[in-house]
Amino acid sequence: MRPGERLPPLEIPVTRTLIVAGAIASRDYQDVHHDPELARQKGAPDVFMNILTTNGLVGRYVTDHFGPTAVLRKVAIRLGAPNHPGDTMVLTGTVEEVDGDTAVVRVVGANRLGRHVTGTVTVTVPEGTR
């Protein structure tokens, strides 16, 4: 781990199943995450991904890169453009700072509408396991 290190991009196909399953798994039963007609009535073109699913995908992106011993210490994200079925979200990341075995990674997830998520992830990777 070193400042400036770039994580390889990860393309995530955003499917209706991913959106609904993520909402159910996180106990988010808001209709905009599973009912297309009600989502349209509320002004959205279709269902859209909830923040907890996005949070999980961002965490997965970082731990997939740093390996099974990586421990997430903090995930701080902000949502932007929604993820709808049929989108592809591309996650990218850059190590911003390193202090011993802990790093702060800036993560961006973009789709056809723009930036879906921006934020930072603090991760610890025990020495000798990288």
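- No donor-acceptor pair closer than 3.5 Å links the side chain of His116 to the backbone N or O of Met89.
- In this structure the side chain of Asp46 reaches within 4.5 angstrom of the side chain of Arg16, judged on heavy atoms.
- Closest approach of Leu52 to Ser26, counting heavy atoms only: CD1-CB, 3.5 Å.
- Thr118 is not listed as a side-chain neighbour of Ile77, based on a closest heavy-atom distance of 4.5 Å or more.
- Formation of a donor-acceptor pair under 3.5 Å by the His65 side chain with backbone atoms of Leu7 is not found in this model.
- Atom CZ of Arg115 is surrounded by 12 or fewer heavy atoms from other residues, nucleotides or ligands within 6.0 Å.
- Put simply, OG1 on Thr120 and CD on Glu96 are 7.0 Å apart, with the number rounded to the nearest 0.5 Å.
- Put simply, the side chain of His84 gets close to the backbone of Val47: a donor and an acceptor are under 3.5 Å apart.
- Within the 4.5 Å cutoff, no side-chain heavy atoms of Thr102 are placed close to those of Val123.
- Minimum heavy-atom separation, Ala81 to Leu113: CB-CB, 3.7 Å.
- Residues Asp101 and Val125 form no side-chain contact, since every pair of their non-hydrogen atoms from C-beta on lies 4.5 Å or further apart.
- The shortest heavy-atom contact between Val90 and Pro9 is CG1-CB, 4.0 Å.
- Under a hydrophobic clustering in which Ile, Leu, Val, Met, Phe, Trp and Tyr are joined whenever their side-chain heavy atoms come within less than 4.5 Å, directly or via other members, Val71 and Met1 fall into different clusters.
- In this structure, the side chains of Val121 and Val58 come closer than 4.5 Å at one or more pairs of heavy atoms.
- Asp64 contributes no side-chain N or O that, together with a main-chain N or O of Tyr61, makes up a donor-acceptor pair within less than 3.5 Å.
- For Thr53 (side chain) and Met49 (main-chain N/O), no donor-acceptor pair under 3.5 Å exists by modelled atom type.
- Closest approach of Ile19 and His33 over heavy atoms only: CG2-O, 3.5 Å.
- In this structure, Leu91 and Val108 have side chains that are not in contact, with every pair of non-hydrogen atoms separated by 4.5 Å or more.
- With contacts defined as side-chain heavy-atom distances shorter than 4.5 Å, the pair Phe66/Val95 qualifies.
- Side-chain contact between Leu57 and Arg60 is present, with at least one heavy-atom pair separated by less than 4.5 Å.
- Results of the side-chain hydrogen bond (donor to acceptor under 3.5 Å, both in side chains) test with Arg112 over Thr88, Asn83, Asp87 single out Asp87 as the only residue that passes.
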